[in-house]
Protein chains: 4
Amino acid sequence: MIPNTTFERLPEEKKERIMQAALMEFAEKGYAAASINRMVEKAGIAKGSVFQYFGDKEGLFAAVFAHSLEKVKDELRKVRDNPARTDIFTRLAQILHTGLDFTRTHPLIYRLYTHLLSTPDMPLRNFLLTRIRKEGKDFLAELLEKAADRGEIRRDLPMQEALFLLEALMDRFLLASVLPYLGEGFSDKKTMENHIPGFMDILEKGMGNKRP
Amino acid sequence: MIPNTTFERLPEEKKERIMQAALMEFAEKGYAAASINRMVEKAGIAKGSVFQYFGDKEGLFAAVFAHSLEKVKDELRKVRDNPARTDIFTRLAQILHTGLDFTRTHPLIYRLYTHLLSTPDMPLRNFLLTRIRKEGKDFLAELLEKAADRGEIRRDLPMQEALFLLEALMDRFLLASVLPYLGEGFSDKKTMENHIPGFMDILEKGMGNKRP
Amino acid sequence: MIPNTTFERLPEEKKERIMQAALMEFAEKGYAAASINRMVEKAGIAKGSVFQYFGDKEGLFAAVFAHSLEKVKDELRKVRDNPARTDIFTRLAQILHTGLDFTRTHPLIYRLYTHLLSTPDMPLRNFLLTRIRKEGKDFLAELLEKAADRGEIRRDLPMQEALFLLEALMDRFLLASVLPYLGEGFSDKKTMENHIPGFMDILEKGMGNKRP
Amino acid sequence: MIPNTTFERLPEEKKERIMQAALMEFAEKGYAAASINRMVEKAGIAKGSVFQYFGDKEGLFAAVFAHSLEKVKDELRKVRDNPARTDIFTRLAQILHTGLDFTRTHPLIYRLYTHLLSTPDMPLRNFLLTRIRKEGKDFLAELLEKAADRGEIRRDLPMQEALFLLEALMDRFLLASVLPYLGEGFSDKKTMENHIPGFMDILEKGMGNKRP
DNA sequence: CATGAATGAGGATTCATTCAT
DNA sequence: GATGAATGAATCCTCATTCAT
């Protein structure tokens, strides 16, 4: 479970090459169907090394996941540290944009996440899912709370449901950017940004505090 | 290519037993990781029979999917044929309730769908996804249009985005009812219904035409 | 081993259909690799019938072989009954032509024979091979003997070797007419006849009794 | 596609053991009916190794074939490099002897060749056949041409047909040495050599240039 | 520490044969 | 007598894992 330090000491380039190859396999095939054979060939390393570094397939998966989670956190930090003094809806729009940037740069990471979501017997599933969702959800929750404090959302807004809706939108929006056939007009990553204002319009009216 | 009629002629009980066992495997493991060995053991039939009935794994998957789609359609028919003369938001609430009933009765079918969504190299993925989504999405689209005609939603509602949001909520809501760890307060199927009014409140304000 | 009479009582058309389908399989794939599944599909009969008629795969093969042997005999009869009062070399040329006609009409039968030749563990191999070769070889042997009596071949001709050579030529010639890539200029069934005079020229000089 | 070097690096003894076991299977059963299970048991290696070495059954077959072809070439070299200053018929007799030596030492290789000849849907059939036949046929063709230049064969000899006849005799002669039931007096490898002079007698009269 | 050869369990699939209808 | 569903052994092949070099 605890990653061998051997892998850590590898040259950065090689580490990245291995992580990338593993991520590709897991993201495309899911955990069980992923083949270490294909991975090592892609990465150009010896098969034995995988087991030296990570113990077994599960350990490799955990490492890939942790590696990916770091990138997610980096991205989130960017948004969080944005000192933007704007209202929550502008903020949400920014987040969608950032999310889109993320799936554009790291489409495989998002696919990895969806596999985790949909496969009940994936090893470490619960552990990993709670870890990654904590990142995203806490962030949204905090956003909502602060907005409430600032009076940007209406008093009687059902918070739990609002949070759920935001997460649903976010997830589906990113999924559509990563996998085809989720709806005409949304299969194209390039034009997806055009929809963001529309979403904000609905959310603002549904959750906001503006007088008409 | 044309499905053998052998399977059709089986006694209903046996057919259902086989479909159920296959659905369990596919829903839990996804397509590639599903094991026909496990399935036939669960179903109590000979391994060779699977191939006599369905030709190959892909054929079996297609059959399971078709079988499941029928149940989805049955459910949708119930909602559609409901002659309810109510506004769209009451309707949406009904739909969420019905969806919850469905995932309660057929949790595996929904999991099957999520695998299809998240696995890019699933066989027949595009074909099957377009088929199943046509059912659901067309229904929601029609609902929105009629509501627009009746003036139940505001004139300037961005329709595409509204539709997307509804689908996202629907999907996520049902997913939460089927798989754990999507959020505290939502992991419990029994209490999920309590959230429906909250959702409707937000949607109505965001999309509706009511004067405050 | 003894063929069930059930098959004999079948309508001629059906019998022929079954034999033809079986011959195709055995000729193309050889005995072990032949599939009864494919055969019954081609023949459009029930799989169980094959076993009712012939007992098992081996019985079927024996029946196909017997059926084919009949056709060979028919063909040989044509040549034998030809009251041609010609010398042996004209006769041999006729035989090659007839053989070519035969492989043109029944290419599969010849392939069946080559499989039998080249597969050591084919069931009934020895029994069947001796049966079929008896037909051909005895005929050639008789031909040679009569020619010797008539003084058409030289006194000192080594008979065993001559017979062997004739068989070799015959077999190879027919094989080339049935399977490609045995030599440029011989892969084309249509032009093979042009080579016959050349062969006769060599044989006549090598075996004949003519004074230069 | 490119053959793994793993097999090449094996100890010679093991390589030979594997090749021998595989050759036995393929030679006895033909390609499709050959069983890798039986082979690995005979060779005493793990089943997985076969696929590590050769990729798949076809790759194994190609390797066995290449291995065998090398032995054929070695044998041919012996004959070719024989600086014998003799006429073509003495040469042909030598070749038959050498061929007999070869089938005595490597009977399976010749059987492999006959399967290739008689099985139309063997993988790589055309490719392999042209390769192996090039070796043998070119050699005979060259022999004939040189004999023509030296005036050892008659001017008006039909060359194509002569070549064909020589090949047919050669093939059939070797086949008889390897598989039983091709003719009494020829089924016995030990006495086959006795027939060679008889063949030469016929060929010399049929093709040669001697005045009686 | 890196390598890659060895292994056998398990994968999907095909098959000849049996037998109840 | 004809049918075709049921069966399980055997097919080729892939895989994660181990371990000697």
Side-chain angles (χ1 to χ4, degrees), chain A residues 4-7 9-10 14 32-41 44-60, chain B residues 4-11 14 29 32-40 44-60, chain C residues 4-7 9-10 14 32-41 44-60, chain D residues 4-11 14 31-40 44-60:
Chain A
N4 200 328
T5 59
T6 308
F7 179 71
R9 294 200 200 117
L10 254 39
K14 188 172 184 179
S35 158
I36 293 187
N37 276 13
R38 276 191 297 262
M39 278 184 23
V40 296
E41 196 175 4
I45 61 168
K47 195 166 11 167
S49 299
V50 170
F51 294 86
Q52 198 126 52
Y53 300 154
F54 309 106
D56 57 8
K57 195 183 186 181
E58 201 170 307
L60 170 61
Chain B
N4 209 337
T5 58
T6 307
F7 180 71
E8 302 297 335
R9 295 197 205 117
L10 253 41
K14 189 172 186 178
K29 316 278 180 175
S35 157
I36 292 186
N37 274 11
R38 274 193 299 262
M39 278 185 24
V40 296
I45 60 170
K47 202 188 328 190
S49 296
V50 171
F51 296 89
Q52 200 138 52
Y53 299 154
F54 308 107
D56 57 11
K57 195 183 187 181
E58 200 169 310
L60 170 61
Chain C
N4 200 328
T5 57
T6 308
F7 179 71
R9 293 199 200 116
L10 253 40
K14 188 173 185 180
S35 157
I36 294 187
N37 276 13
R38 276 192 297 263
M39 278 185 23
V40 295
E41 196 174 3
I45 61 168
K47 195 167 10 168
S49 298
V50 171
F51 294 87
Q52 198 128 51
Y53 300 154
F54 309 107
D56 56 8
K57 196 183 186 180
E58 200 170 307
L60 171 62
Chain D
N4 209 337
T5 59
T6 307
F7 180 71
E8 301 298 336
R9 295 196 205 118
L10 254 40
K14 189 172 185 179
Y31 177 78
S35 157
I36 292 186
N37 275 9
R38 275 192 298 262
M39 278 186 24
V40 296
I45 61 169
K47 203 193 318 194
S49 297
V50 171
F51 297 90
Q52 198 136 54
Y53 300 155
F54 308 106
D56 57 9
K57 194 183 187 181
E58 201 169 307
L60 170 61

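Just so it is clear, the structure is predicted and the values come from calculations on it, not from any experiment. Quick note on labels: first sequence line is chain A, next is B, and so on, each numbered from 1.
Between D:Arg38 and D:Ser35, the closest heavy-atom pair is N-OG, 3.1 Å. Between B:Gly59 and B:Asp56, the shortest heavy-atom contact is N-OD1, 2.9 Å. Closest heavy-atom contact between A:Val40 and A:Asn37: CG2-O, 3.1 Å.
Following rounding to the nearest Å, B:Phe7 (CZ) and F:dA6 (P) show an atom-to-atom distance of 10 Å. Distance, B:Lys29 NZ to E:dG11 P: 10 Å, rounded to whole Å. In this structure, the CD atom of B:Gln52 is 16 Å from the P atom of F:dT3, given to the nearest Å. Following rounding to the nearest Å, C:Ile45 (CD1) and F:dT3 (P) show an atom-to-atom distance of 8 Å. Atom pair B:Arg9:CZ and F:dG4:P shows a separation of 7 Å (rounding to whole Å applied). Atom pair C:Phe54:CZ and F:dG1:C1' shows a separation of 14 Å (rounding to whole Å applied).
For C:Lys47 against E:dT17, a side-chain-to-base donor-acceptor contact under 3.5 Å is present.
At F:dG1, none of the side-chain N or O atoms of C:Tyr53 fall inside 4.0 Å of OP1 or OP2 (strictly under the cut-off). Distances shorter than 4.0 Å separate none of the side-chain N or O atoms of A:Arg38 from OP1 or OP2 on F:dT14. Between F:dA5 and B:Thr6, a contact under 4.0 Å exists linking OP1 or OP2 to a side-chain N or O. Listed pair B:Lys14 / F:dA6 meets the phosphate criterion, a side-chain N or O lying under 4.0 Å from OP1 or OP2.
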Dot-bracket for DNA chain F, 5' to 3', counting Watson-Crick or G-U wobble pairs under 3.5 Å, with [ ] for crossing pairs and | for inter-strand pairs?
-> .||||||||||||||||||||
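Taken to the nearest 0.5 Å, the OG atom of D:Ser49 stands 11.0 Å off from the CZ atom of D:Phe7. Going from atom NZ of C:Lys47 over to atom CD1 of C:Ile36 covers 8.5 Å, rounded to the nearest 0.5 Å. Atom NZ of residue B:Lys29 and atom CE of residue B:Met39 lie 13.0 Å apart, to the nearest 0.5 angstrom.
B:Ala34 comes within contact range of the sugar-phosphate backbone alone, with a heavy-atom separation under 4.0 Å but no base atom that close. Using a 4.0 Å heavy-atom distance criterion, C:Leu60 is classed as making no nucleic acid contact.
Across E:dA6, E:dC1, E:dT13, the shortest atom-to-atom separation from the side chain of B:Ile36 is found for E:dT13. Considering only side-chain atoms of A:Asn37, the nucleotide from F:dA5, F:dA16, E:dT3 that sits closest is F:dA16. Checking F:dC12, E:dA5, E:dG11 against every side-chain atom of D:Phe51, the shortest atom distance belongs to F:dC12. The side chain of A:Lys57 lies closest to F:dA16, out of E:dC1, F:dC13, F:dA16.
Between A:Ser49 and B:Ser35, it is A:Ser49 whose nearest contact on DNA chain E lies nearer the 5' terminus. Of the two residues near DNA chain F, D:Tyr31 and C:Leu10, the one whose nearest nucleotide lies more 5' is C:Leu10. Nearest-nucleotide positions on DNA chain E for C:Gly48 and D:Gly44 put D:Gly44 closer to the 5' end. Ranked by how close their nearest DNA chain F nucleotide is to the 5' end, B:Pro11 and D:Glu58 are led by B:Pro11.
Around CD of B:Glu58, the count of heavy atoms belonging to other residues, nucleotides or ligands within 6.0 Å exceeds 12.
The backbone N or O of B:Ile45 sits nowhere less than 3.5 Å from a side-chain atom of B:Lys14 that would complete a donor-acceptor pair.
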